[in-house]
Amino acid sequence: MTVDPLEMFKSRSKEFVKEALARLNIAMELPLELPPEGMGDFAFPCFMLAREMKKSPAGIAKQLSQEILEDAMFSRIEAQGPYLNFSINPEMLMQITVESIMDKREEYGTWSQTGEKINLEHTSANPNGPLHVGRARNPILGDTIARILRKCGHDITTEFYVDDMGKQQVTLTWGVENLTREGDESTKEIPAKNLKKSKKPDHEMVWYYQEATRRMDSDSNVLAQINRMIAKYEEKDEEIAIRVKENCQKVLDGMNTSLRRLDIHFDSFAWESKHIFNGNVDKVVKNLKAHEFTDYEDSALYLDLEKVGITGQENKFYLTRSDGSSLYSTRDIAYHLDKLDHYDRVIDILGEDHKLKAKVVRLVVGLLGQEKEKIEPLFYSFVSLPEGKMSTRLGRVVYLDDLIEESVGRARKEVEKRRPELASELKCGIAEAVGTGAIRYNIIRVQAEKQIVFKWEEALSFEGNSAPFIQYSHARASSILQKTAVLGDYDLKLLKHPTEILLVKALARFPSLIKECGDSMECHPIAGYAFELASLFNQFYRDCPVLQAEPDVMNARLALVTASRYTLSNVLDTLGLVAPEEM
RNA sequence: GGACAUGUGGCCUAGCUAGGAUAUGGCGACAGCCUCCUAAGCUGUAUAUCAAGGGUUCGAAUCCCUUCAUGUCCGCCA
């Protein structure tokens with residue numbers, strides 16, 4: 001059974017055109033395009049042949065169409081103006097597509113194993129406080145890409161790079177060890193909007209970080225203490241490392257609790273300090289010292305950006321401090337070299353502020369003789385608020401936990417309104433699926449490099465182009481199937497309604513879409529497709545009654561509904577959204 | 001100042017890699033559709049100098065150049 005129902009039609013039409021051109025002794029190839037609705041399924045524009053053949057594009061299209069014989073795979077092959085258009089035989093497409101889905105079911109859209117091992121790093125937020133909506137774009141993007149690449153047949157390991165080495169983490173630890181949180185006046189900085197959140201360790205811990213930062217800024221004694229800790233830490237003091245790691249872990253646990261609610265999990269946590277303690281960073285520095293593109297300033301090692309062709313910045317990219325201790329990017333280089341030892345490809349999901357750093361890391365990896373092409377950074381722009389950039393310090397911030405609570409809460413009210421008769425437990429489950437789904441979808445539907453201004457009314461929209469719209473279609477399909485006995489024999493030739501044809505064409509596109517998005521590492525076309533498929537299913541639902549149809553037609557339609565339900569479920573899964581049986 | 005990205009109806013957005021047939025859809029607005037498988041749905045109407053200006057081309061939202069706007073970066077911070 002074919003993996004991609006559309007592919008055979010596509011390649012056959014290309015062959016036809018190729019053969020026709022060969023018969024006319026034309027050495028050129030024609031590109032395949034997707035024409036506007038009502039003009040067939042594949043189009044070959046003939047403009048570029050006009051000069052060569054000294055004929056009008058329309059005339060060429062006509063001539064080509066006469067060269068091509070009729071074929072069972074296409075219901076129409078004809079010239080329309082300057083285009084040669086192919087219309088797929090809908091009966092055949094219906095047959096191949098529905099059978100393929102019935103055969104593969106949950107696996108429809110999943111390609112066979114490639115054996116390619118990929119490390120996909122995402123989120124990697126500093127563990128000093130809770131995730132806010134701006135940072136949440138990273139895990140949502142990363143997790144969705146991971147799901148797409150898994151469906152492309154790759155072996156994916158998702159990884160959170162835990163920064164337990166920075167000044168921020170030491171500051172947090174100093175705070176935890178030296179400050180006591182008295183009364184509740186201190187909580188005014190981070191108002192706990194609900195009980196669940198206030199009990200989470202990330203929201204609990206951030207106070208120590210913020211208060212420690214304030215003390216450090218105003219009290220040079222505190223600053224000195226923190227600096228002493230950092231110095232000892234960088235001299236590989238294991239005891240401090242353990243204390244810092246313990247605090248990071250607590251915050252990390254809180255973040256993970258939030259992310260689990262969005263069905264985001266990590267296969268691995270890579271601790272930054274590991275590369276200091278195992279000597280990898282020392283090795284990197286040693287190798288870089290010997291390199292012709294590096295030099296010293298006050299015994300601080302730097303890379304000369306001009307020599308490696310990076311312009312528009314200061315020329316010096318520092319790799320160590322003058323005391324010889326490492327910097328973030330140097331550790332990141334060691335980390336990447338380590339990843340390259342174990343994986344075929346290394347993908348990083350990064351905010352656009354990391355563009356220069358990522359470029360340099362890749363470059364240095366290349367300078368050290370490794371294949372930098374295997375490192376593939378993927379960037380996204382920031383989420384801001386209408387008032388401006390998110391800032392924890394200014395209190396201008398929307399925490400992910402608050403967004404989830406609000407969204408699930410609103411979803412709960414909606415379910416209550418629409419389906420009061422359902423069991424309370426079921427309503428909770430639906431609200432959770434809809435509320436969290438809306439958040440993921442709202443972020444992922446937009447191209448990663450576009451900046452997003454967060455607006456509550458948009459994030460909490462449950463209508464139109466939103467997760468609940470797609471989930472609702474799935475629930476409708478499920479509901480029809482629940483009302484019937486086991487699917488009997490069916491004759492797909494009975495499915496002739498235009499909406500049925502449009503629906504099956506959308507179903508047929510799914511596997512190749514997964515492949516394309518895996519290759520280009522884009523998520524938003526999947527969201528667009530999911531919406532389109534759901535919309536077409538809703539139109540089918542309107543035009544083609546299933547359970548009230550004649551028995552033969554009913555059986556055929558039930559097969560189409562089953563195929564649609566699998567595909568909707570699979571696309572929802574690709575986006576990390578729950579596919580509810582009812583809502 | 002330099003570098004990278006983004007700019008499409010009132011708002012959000014697809015299309016840009018590989019230039020082609022009347023620029024995708026949603027929100028909001030207006031007008032309709034529940035004796036019929038869940039109306040978180042469906043149908044219709046109005047709204048676009050594709051940031052601006054040049055260029056390449058038979059043809060440009062798409063490629064090139066310039067300008068403007070927005071975001072990000074240009075720390076011996078992470």
Side-chain angles (χ1 to χ4, degrees), chain A residues 31 33 35-36 39 43 45-48 50-51 56-57 80-83 85 126 128 163 165-169 272 297-302 305 310-325 327-329 331-332 351-357 359 379-382 384 389 411 414-415 417-419 430 434 438 442 445-447 449-453 455 457-458 461-473 475-484 520 524-525 527-528 531-532 534-535 537-539 541-549 554 557 561 582-583:
Chain A
E33 289 177 6
M39 308 233 191
C46 299
F47 302 93
M48 50 282 278
R51 194 166 297 170
S56 77
Q80 286 173 293
Y83 295 86
N85 293 343
N126 282 347
N128 50 27
D163 170 18
M165 274 308 293
K167 188 174 187 175
Q168 296 185 36
Q169 303 338 303
E272 188 180 9
E297 184 178 275
D298 302 332
S299 67
L301 184 71
Y302 67 84
L305 290 181
I310 297 180
T311 56
Q313 329 288 335
E314 293 300 319
N315 291 337
K316 291 172 185 145
F317 190 93
Y318 286 93
L319 297 159
T320 70
R321 298 190 180 89
S322 48
D323 64 3
S325 62
L327 292 165
Y328 172 83
S329 291
R331 287 173 240 138
D332 208 19
E352 61 175 335
D353 54 334
H354 281 69
K355 275 188 181 174
L356 175 64
K357 273 151 285 185
K359 198 172 179 181
F379 301 103
Y380 62 90
S381 294
F382 292 119
S384 60
K389 209 178 142 180
E414 290 295 318
V415 193
K417 197 169 77 193
R418 294 164 203 271
R419 306 296 303 277
I430 293 167
V434 165
N442 189 244
R445 54 181 260 267
V446 183
Q447 191 192 326
E449 295 218 85
K450 258 190 164 137
Q451 51 211 57
I452 295 181
V453 178
K455 296 190 187 99
E457 65 271 27
E458 268 173 29
S461 161
F462 296 160
E463 286 167 13
N465 193 359
S466 68
F469 179 96
I470 302 152
Q471 293 171 315
Y472 184 66
S473 283
R476 275 180 154 178
S478 303
S479 162
I480 292 173
L481 297 175
Q482 250 164 25
K483 291 185 170 66
T484 55
S520 62
H524 69 276
F531 176 68
E532 204 179 306
S535 178
F537 184 79
N538 285 337
Q539 288 164 45
Y541 186 93
R542 173 202 62 200
D543 292 338
C544 306
V546 178
L547 302 176
Q548 278 89 349
M554 178 179 86
R557 284 186 178 160
V561 172
E582 56 184 319
M583 60 185 275

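Sequence lines set the chain letters: A, B, ... in the order given, protein chains first and strands last, and positions in each chain run from 1.
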Suppose we screen for ring pair (Phe, Tyr, Trp, His ring centres under 6.0 Å). Which residues come up paired with [X], at least two apart in sequence or across chains?
{"X": "F537(A)", "answer": "F540(A)"}
{"X": "Y318(A)", "answer": "Y302(A)"}
{"X": "Y380(A)", "answer": "none"}
{"X": "F382(A)", "answer": "none"}

Original post:
Can a donor-acceptor pair be found between the side chains of S535(A) and Q539(A) at a distance below 3.5 Å?
Top reply: yes
Original post:
Counting any heavy atom closer than 4.0 Å, what does P31(A) reach on the DNA or RNA strands: base, sugar-phosphate only, or nothing?
Top reply: nothing
**OP:** For A50(A), answer base if it contacts any base atom (sugar-phosphate contacts may also be present), sugar-phosphate if it contacts only those atoms, and nothing otherwise; contact means non-hydrogen atoms under 4.0 Å.
**Re:** nothing
**OP:** Given side-chain contact (heavy atoms from CB on, under 4.5 Å), test V434(A) with E414(A) step by step and report yes or no.
**Re:** CA-CA 10 Å; V434(A) 165; E414(A) 290 295 318; over 6 Å; no
Between protein and [range], map the contacts as a letter string: B base, S sugar-phosphate only, - none, heavy atoms under 4.0 Å, written 5' to 3'.
{"range": "nucleotides 33-42 of chain B", "answer": "---SBBSBSS"}
{"range": "nucleotides 73-78 of chain B", "answer": "BBSBSB"}
{"range": "nucleotides 7-14 of chain B", "answer": "SB---SSS"}

**OP:** Mind calculating the distance between CD (E33(A)) and C1' (rU62(B)) to the nearest angstrom?
**Re:** 12 Å
Original post:
Taking the chi torsion of rC34(B), is it syn (within 90° of 0) or anti (everything else)?
Top reply: syn
Subject >> Earlier contact from the 5' end, RNA chain B, for S520(A) and E449(A) >> reply: E449(A)
For atom [atom1], what is the distance between [N] and [M], given to the nearest Å?
{"N": "rU6(B)", "M": "rC16(B)", "atom1": "P", "result": "13 Å"}
{"N": "rC50(B)", "M": "rG15(B)", "atom1": "C1'", "result": "10 Å"}
{"N": "rC11(B)", "M": "rG55(B)", "atom1": "C1'", "result": "34 Å"}
{"N": "rA21(B)", "M": "rU13(B)", "atom1": "C1'", "result": "24 Å"}
{"N": "rG7(B)", "M": "rA61(B)", "atom1": "C1'", "result": "12 Å"}
{"N": "rG26(B)", "M": "rG44(B)", "atom1": "P", "result": "10 Å"}
{"N": "rC34(B)", "M": "rG41(B)", "atom1": "C1'", "result": "10 Å"}
{"N": "rC58(B)", "M": "rG19(B)", "atom1": "C1'", "result": "12 Å"}

Original post:
Is K355(A) paired with E449(A) through a side-chain N to carboxylate O contact shorter than 4.0 Å?
Top reply: yes
Original post:
Quick check: does any side chain N or O of S322(A) sit under 3.5 Å from a backbone N or O of S299(A), one acting as donor and the other as acceptor?
Top reply: no
Original post:
Would you find a donor on one side and an acceptor on the other, under 3.5 Å apart, between the side chain of R557(A) and the backbone of P545(A)?
Top reply: yes
Subject >> Those residues that, when tested against K450(A), pass side chain to side chain contact (heavy atoms under 4.5 Å, CB included) (two or more places apart) >> reply: V446(A), Q447(A)
Subject >> Contacts of type side-chain hydrogen bond (donor to acceptor under 3.5 Å, both in side chains), residue Q451(A), not counting sequence neighbours >> reply: none
Subject >> Watson-Crick or G-U stems of RNA chain B, 3 or more pairs, under 3.5 Å, by first number >> reply: B:1-7 with B:68-74, B:10-12 with B:25-27, B:29-33 with B:41-45, B:51-55 with B:63-67
Original post:
Does the side chain of P31(A) reach to within under 4.5 Å of the side chain of P45(A), using non-hydrogen atoms?
Top reply: yes
Original post:
With sequence neighbours left out, what residues match K357(A) under salt bridge (charged side-chain N to carboxylate O under 4.0 Å, His left out)?
Top reply: none
Original post:
Which residues satisfy the salt bridge (charged side-chain N to carboxylate O under 4.0 Å, His left out) test with K359(A), sequence neighbours excluded?
Top reply: none
